Structures are given as structure tokens and as C-alpha cells.
Protein chains: 2
Amino acid sequence: MTNENLDKQQGSTTASGRRSAKRSLTVYDDLQREIMLGVLPPMATIVEMEIAERFGCSQSTVREALIALSNDGLVERRSHRGTFVADARADDAHEMIRIRRDIESRSMVRVLRRFGSLLRSELSETIENMKAAAMQDDVYQLTLYDRAFHLNLFDAADLPSVRPMLQRCLIHNHRFKILNSGSQRDLYETAVRHEAILDALAEGNAKKATAAIAHHVTTIAEFGPDITEEDI
Amino acid sequence: MTNENLDKQQGSTTASGRRSAKRSLTVYDDLQREIMLGVLPPMATIVEMEIAERFGCSQSTVREALIALSNDGLVERRSHRGTFVADARADDAHEMIRIRRDIESRSMVRVLRRFGSLLRSELSETIENMKAAAMQDDVYQLTLYDRAFHLNLFDAADLPSVRPMLQRCLIHNHRFKILNSGSQRDLYETAVRHEAILDALAEGNAKKATAAIAHHVTTIAEFGPDITEEDI
DNA sequence: TATCGCTATATTATCGATAATGAAACGGAG
DNA sequence: CTCCGTTTCATTATCGATAATATAGCGATA
């Protein structure tokens, strides 16, 4: 409950109950979920007024959410034409994985400097949440916790300007994985895999931690043959 | 005049004359310039209504521009509190350079597949524009053309989802460089340096081109001792 | 029948006003 | 003098309506 980002998402994920917490965030979260799950498939058209009607809010509010989604690279806005769900191509996805791998790997030595029991227990809790989501087969919730885990960890590196880039990579990774996997059944395994990273950190071994995260990133998504290598 | 991004900027840079071309873009471009040049220093507060008054537009229009700036990581928006110019720290800047180096380096083999005389002449022209800006000591205009050069080149790699990440890196690199250099006088040299990249590409030598861009990125900004290596 | 300019239409972009909100200033109780 | 609740204030967030604009479709012309 300390991660602002996780809070954000919960704020609207819990939308079933209350409905405060910035209207535009609710729209943002809901649309993001539908795009990531493919309910809104690549190339689909999004019309501001339609969304506004659906959520019972004004066009301006939707607009803000759509702009935020375009920041994440989930939609593309064309002036006076409309907003379109972004394509999800394999080449981009692979490059995003590499970028993410590099960012997270390089961050570990910095993370280690600030790694303490507080962060450790927070991350442990997040892993437990992942497991719970996995057991309920809630793929999307699992990715939400996964994102929270990696961003929370990265925050310890204290590189605020880089954070949004990692976030963007994570979103794209997750979207691509969800869109290109016929309901794979190793969800629980995915959650458990995070423990290795935590263990390496607890050990205080920078080299081991770096290797752990690099391995983690390159293996979560069993994309084609070898993701790590330059493709084609 | 083919690059949409360059067009954007010119559209409002030329604002002295006409004033069409999306009001919010004008605000966006002007504020971006002021932030990059330090006119609006890190931590400065930006109030939506003040900007609106200054540009003679409505708060909504400013709002859109500010959201876009926060996407670029140039400002941070805090709910109901205000918008603040983002800090520009060395650690972040260094990591951004590394990310950029990796992205651009890896892209070269893809770029080479599509590199033709049209792109070559476009980039040549951009270099000439850089030289012109350098001779007029217009640092900011130089960075604008530099951005156009690198993005235009990267577009040939056809990795649309990755493009915004590169753009973000470029913006941060330029801002940090401008903010931390007491009017350095090698502007013209900076422009000329791009020719090596073009030459390597024209030669069709992937390895050489990759090395050229990597070298280019790590040397443009003579940050501290060694940018390439992990710092601290 | 192909091309060019015009118009109709769908959609965003902008506006001005009002509501919501978080933080700081204030004041009273202990 | 300090702590805690309340009010006030600066600022964003949202709304509903209007203006601007890019595209598609149509019709006239050669």
C-alpha cells in the first residue's frame, strides 16, 4: 500500500465499490485493461464521445485518459480522425524486452545499496498477491502485481526519469504476452520465479542479483526461439 | 519537410507568422523550449491558468500541453497541487544515454535494410540545417534538428513502439547537455559529427554503422569521465 | 471514365464556467 | 507553547456547449 502506482490501479480496480479517485483514472485503467486483454483489439477505433457515454462522464475526461494511454503507447491518436488501438508487433516486443532487460539489470547494483527489510517484505507480499491471482487464473491481475513488483524494485535505484521507460516496457511486454498466448497454464510458476530475485538481493550479491533479473526477464515470456539475440 | 515531428516543431517555431496548427502544440513546444533552456528551471511551478492567460487560450488547452510534457518527463503533475518542472539529475542522464546508445546501436542493422537515397538526402539536408543553426549559435534549434536526424533515421528501423522511448531519451540527453554546459563552442563540430554515421550507412557496412552510432552517442556529450561505464 | 473541387459529416479541439480537492493558515483547547 | 480540528484558498478536475478540421462522398467537367 505504499506504491503510488499500485494504489492508482487499485483505486479503480476496486471500482466495483466506491467511485471517487479521479474519474479519468477509472477510464484509463478500464481501457488499459481492455486493450491489454484484447477486448479492444489492435487497430480498433475508439471514439471519445462513445467512451464518455459509456462511463457517464464528459468528453474532456475521456480525452485525458486517452492521452495517457497514448503515452503508454497503447493507442495512437490522429488529429481530428480518432484514436486507434496500437498494433502489437513481435519485433517491437522483442526490442522492448531487451531494453527492459538492460534497464533492470543495470539497476540492480543501485537497488542493492538501498535494499532493506521494508522493501523486501513489500516485495514478498506482492509475490504472494501474484500467487493468489495466479490461482484464480486472473491473468490481468497477475500482470498488475508483476508490474508493481518490478517498478517497486526499480524505485530503489532512485532513477525517477528512467522509471516511465521501464513502465512502458513492462506494459508492452505484458500486452504482447497476453495477446500471444493461448491461455498458458504456468501462471503460478511465473509468480514463484520472482523469489529467486529476492533471494539474490537478500544475499547482497550484486552479480548474482543482476544475473537473476536478466535471466528472469529473458525467460518469462517464451517468445520464439531466442529473444536475447538480435532477431532477423 | 517530410518528417512529421520536425513539422510539428516548425509549425509553432514559426509561430511568429501564422497561428494555426493546434493551439495546444504551440503551448507544448514553447514550454518545452523554455524547460530545455532552463528559462523554467528544475522545480519551478507551472500554473495552468497563468499559462493559459499568457498564451491567450483556455485552461483545457494548456492542460493538454502539460500532460504531453509530463509524458516526455519534462514536468511532473501532482493532483490538485500543480505542475512542476522535472529535476535533471546526472545519474538519470547517464542511464538515459546508455539506453539510447543501445536502442540506436541495435537499430542499425534494421535501418540498413531500408536505407536508400531518399533517406540519405533527407538526413544530409538535416545535417546542413544543423550546421546553419550551429553557425547562428542557436543551440536549441540545433538540438531540434539533431532529434529530427536521429528519429528520422530510427524510423527506418520500423519499430514504432520503440520510437517514443528513443524520443524521450533524446529529449533528456539534450536537456541535460544544455543545462550543464557553459555555452560550449563546439556546436559546429557536433553537426559535422553526424556525417560519419551517414557515411558508414552509405557504405552498407552494418558493423561499421553500428560502431559509428555507438561512438557518436557516447561522445556527443562529454559528460564526466566515462559515461559508458556503470557510474559510482 | 477519370479528375478535380465542393460539400456534408464524423470527430476532435477549444472554450468558459463550475465542482472537487488537498494543503496551508488559523484558532481554540489543553 | 503545542496539538488537533476547521476553514479558507489556490489549483486542478470535470462538465456541457461550440468551433475547427480532416476525410469521404458526390457531382460536374473534360
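Sequence lines set the chain letters: A, B, ... in the order given, protein chains first and strands last, and positions in each chain run from 1. Predicted model only: the values in this text are computed from it and were never measured.
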Closest non-hydrogen atom pair, F176(B) against A88(B): CE1-O, 3.9 Å

Work out which heavy atom in C169(A) is nearest to a heavy atom in M165(B); give both atom names and the distance. SG-CE, 3.7 Å

Give the rounded distance in Å between these two atoms: [atom1] of [X] and [atom2] of [N].
{"X": "F55(A)", "N": "dC15(D)", "atom1": "CZ", "atom2": "P", "answer": "12 Å"}
{"X": "E64(A)", "N": "dA20(C)", "atom1": "CD", "atom2": "C1'", "answer": "14 Å"}
{"X": "E53(B)", "N": "dC15(C)", "atom1": "CD", "atom2": "P", "answer": "13 Å"}

For R23(A) and dC15(D), is the shortest distance between a side-chain N/O and OP1 or OP2 below 4.0 Å? yes

Verify the contact: side-chain N or O of S24(A) to OP1 or OP2 of dA13(D), cut-off strictly under 4.0 Å; return yes or no. no

With a 4.5 Å cut-off on side-chain heavy atoms, are I99(B) and D102(A) touching? no

Would you sort out whether D158(B) and R89(A) count as a salt bridge (Lys or Arg N to Asp or Glu O under 4.0 Å), showing the intermediate values? CA-CA 10 Å; D158(B) 190 35; R89(A) 309 193 322 174; 3.3 Å; yes

Describe the nucleic acid contact of T61(A) in one word from base, sugar-phosphate, nothing, applying a heavy-atom distance below 4.0 Å. sugar-phosphate

How would nucleotides 6-12 of chain C be written as a contact map, 5' to 3', with B for base contact, S for sugar-phosphate-only contact and - for no contact, using protein heavy atoms under 4.0 Å? -----BB

Please check: side-chain N/O of S70(B) versus main-chain N/O of I67(B), any donor-acceptor pairing under 3.5 Å? yes

Is H194(A) reaching over with its side chain to a backbone N or O of A191(A), donor-acceptor style, under 3.5 angstrom? yes

